[in-house]
Each structure stands twice: as structure tokens, then as C-alpha cells.
Amino acid sequence: MPTSEARRGPSIIDTPQSPTANARAFAPGRTLRQGAKVLPEHARGHNRSLVLQTLFHQGAMSRADLSRETGLTRVTISDLVAELIADGFVAEIGVREASGPGKPAILVDLDHAGHRIVGLDLSGSDTFIGAVLTLDGSIVARHEVPLPADEDVVTTVVDLARRLVAEAHAPVLGVGVGTPGVIDDRGVILTAPNFGWAGFDLEGALRSALELPVLVANDANAAVLAEYTFGGAPDDVLLVKVGRGVGSGLLLAGQPMRGSRFAAGEIGHVTVGTDGGPQCACGKVGCLEAWLSVPSLTKRLAEASDPDAHEGILRDAGERLGIALAPVVGTLDVSEIVLSGPAELLGGPLADQAVEALRARTLAPSNDDEGVRVRMTEQGQDIVLRGAAVMVLSGQLGVS
């Protein structure tokens, strides 16, 4: 469920209403969340999103409550709620328990059964995962398919998406896809070596095949959206996703940061230390990915003859992670780092050592004795799927 706090950040100045324009609402230059009225020429789309955002984070309330929370007039709220009910996004759910004289207020809330979202996670080592989600991020159906041969990737993804759409049993708001690779703001895969893609318009290909709104983003960038919307992360957060490789997603002031070349967060091939280290698949020595990826860590742990050495191996990997992240934390003043991956590897000694390394290499604010916080996500293996749902919610409804 989303956090109850209706949060944060400055308002979006322009909220387009066409699916194509909305598809990039989570791109750089736009904050994810909006919280105030805007100019009249942009008001209708913005105010629809403002009502949906308020219900998304605060739950059921009366029209009068919505008016007070949003600052919109009761007439405007009545109009918008009627429109959103007709569109299947809001529903009346009954009356509030009477607490005094007068007619009890009718409560409205998001119509969680009115639409569905399809999320796809292409970041797995052995499988692709897909799910049907409600508007509040709950998974109601999921399927996994084996990782296909390179020439069959798109066909496999389309078939998986079609299967999920057929099982949605409600109108599908859109399809969100989290995938490895460097991806531009139009959903074009600039490079994804694991799939042999370069300059491939995955978003366009899926949209054409499915005839639905489609949004494609890097899997770590999708994951940090899930942590922001469903995991209670603050406006400034760095998520490190560890799996077959190592990547990260970054939000600053509630806004996704993707970089001038769409490669922000590609920390896996940062060299950590000058003491050599394992050979990386990229050809360099001592890349963070060579120390920290799940295959690398698992292999070193398996090769350790003494089980007591396991903690040292994990602490060493945590030290390397802290070395890689210290300049980012020092430059951007990020206060929270979230780890996503196998808890048995990343939690405990590895996370503890990463914190120690960060505190040793950065200057903690004088009013903060603890400095940066490092924690495991509670989203589990569904974090990319739920982040893909946030992409659709943000792009199509202005909700995050």
C-alpha cells in the first residue's frame, strides 16, 4: 500500500492529458508529485491528478475533505469527482459514520478494481517476470518465463504482456517495463549488451504490438520509484540494485535523475580501490560489479574453505560499495541509501561495513549524529514490477 503521507515537492507546471505526452511525465525536468493549483490553461489535467494523488496517499474521504486538502472549490471537486467516477478511477464507497446532526458525508476513494496495470521485469538472470497490478500496487496475477535466446526476446516479452493483459479482467491503464540497459526518455534502448540491443525502440515496438500505452525504463530507475511511492523513501534517495550486475536509481527533490546521456546511476563499472581485484566482464580490474554482483559474491563465498571467512568477504564487498558511493553522498547530500537484492548477501555485515565506509569518507552534518542511512528494501523481488506500475501511474494519471 502507498504511504499515508501526502508528500512532497513543488508542483508540475504542465500536466499533458494525452497518453503519449503523459508517458514521459516521470522523465527529467518533472517532479513526480504535484501539490498546488496551477495556471488556468493547465488546470483541468493538473487538478484531476491532484484529486487522484490525494486519494492515493490519504485514502477515502468526502468531497468536502478533498476540497479542504487540495484547496479547490467544492464545485470544482464535485465536477472532477463525477468525471473520475465516470472514467472508472474513483468510486463512492459508502457514508461516513454519523458524528452529529446532518446528513452523513458520502466517501469516495480510488476505484482499485476499475483499472489494472501490467508490469514487466526483464532484469532477471534466468527469467522474465510479469504481473498484473491494481492501482495501489497490489499484485493480483504474475507469471515467469525462461530467459529466451537473443533473437526471441521481443517475441517473448510481447507474448508475456499479452497473457497478462488477458488476465487483467479490467481496462489496462498501461504497461510498464523495467529492463537492464541505458534507456533514453522515449523508451529507446541506447545500449543493453545482455540482449544485444543498441538503438532499439523497445517502447515503440511494444506499443505497436499491444496497442496500449507503454513505458520503458532502466530497472534500477524503476525500482527507486517503487521505493519512493510504496516504501516510504524520502525525496532524496539512492537505490542500489544488485543482481547479475550492479546499478542504481537516484531521486533528488522527488525528481528522477537520469543524466545528460541517460546513464546516471551506472556505478557497476566504477573502479573501487587501487589494490587490484577481480577481473570484470568489461575487461577492467576491480570494478564494483566484480566485487558486488550476486554471481561474483556467490562464487567467492562458495570458494571460501573456512565458513568464518564469509563475513570478511561480505564486509570487503560492503567496503567497496561505500568507496563507490562516498563521492555521490558527499556531492549530493543524499541521506538514505536503499539496497535491493538478496538479503542474505546484502543485509548484515555487508550493509554495516558500507555504512562505516561512508561515514569514514564523508562529512556528516553537525546536526545529524548518524549521517547517511543504509537499509534493505522491503519491496523484495517485486520492486521492479511495482516501480513499473508507478511509471504508468505517473505517466497516465499524474500519481506517484
Residues [X], [Y]: salt bridge by 4.0 Å N-O rule:
X      : Y      : value
Arg244 : Asp219 : no
Asp201 : Arg207 : no
Arg142 : Asp382 : yes
Glu227 : Lys241 : no
Glu83  : Arg44  : yes

*For Asp159 and Thr156, test the side chains for any donor-to-acceptor distance below 3.5 angstrom and give the result as yes or no.*
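Distance-only check fails for Asp159 and Thr156.
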
Are the side chains of [X] and [Y] in touch, meaning some heavy atoms are under 4.5 Å apart?
X      : Y      : value
Glu92  : Arg63  : yes
Val188 : Glu203 : no
Val355 : Arg359 : yes
Asn221 : Pro256 : no
Phe262 : Asn218 : no

When you look at [atom1] of [X], are more than 12 heavy atoms from neighbouring residues, nucleotides or ligands closer to it than 6.0 Å?
X      : atom1 : value
Gln279 : CD    : yes
Lys284 : NZ    : yes
Arg74  : CZ    : no
Glu303 : CD    : yes

Heavy-atom donor-acceptor pair, [X] side chain to [Y] backbone, under 3.5 Å:
X      : Y      : answer
Thr127 : Val145 : no
Arg116 : Ala170 : no
Asp306 : Asp308 : yes

*Report yes or no: do Leu252 and Val328 belong to one cluster of Ile/Leu/Val/Met/Phe/Trp/Tyr joined by side chain heavy-atom distances under 4.5 Å?*
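Yes, it is one cluster - the side chains of Leu252 and Val328 are joined through contacts under 4.5 Å.
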
*If Ile, Leu, Val, Met, Phe, Trp and Tyr residues are connected whenever their side-chain heavy atoms lie under 4.5 Å apart, and connections chain through other members, are Leu55 and Leu107 in the same group?*
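Per the 4.5 Å side-chain linkage, Leu55 and Leu107 are not co-clustered.
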
Testing the basics here: between [X] and [Y], what is the closest heavy-atom pair and its distance to 0.1 Å?
X      : Y      : value
Ala222 : Met391 : CB-SD, 3.9 Å
Ile139 : Ala131 : CG2-CB, 3.9 Å
Gly387 : Ala226 : N-CB, 3.4 Å
Ile183 : Val216 : CG2-O, 3.8 Å
Leu160 : His143 : CD1-CB, 3.9 Å
Ala168 : Val132 : CA-CG1, 4.0 Å

*Could you point out which residue of Leu238, Asp236, Leu250 forms a side chain to side chain contact (heavy atoms under 4.5 Å, CB included) with Leu332?*
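Checked Leu238, Asp236, Leu250 against Leu332; only one passes side chain to side chain contact (heavy atoms under 4.5 Å, CB included): Leu250.
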
*Looking at Leu346, Val338, Leu325, which one forms a side chain to side chain contact (heavy atoms under 4.5 Å, CB included) with Val240?*
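The option that passes is Leu325.
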
_Below 30° counts as parallel, above 60° as perpendicular, anything between as tilted: where do the rings of Phe128 and Phe195 land?_
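The arrangement is perpendicular - the two ring planes meet at more than 60°.
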
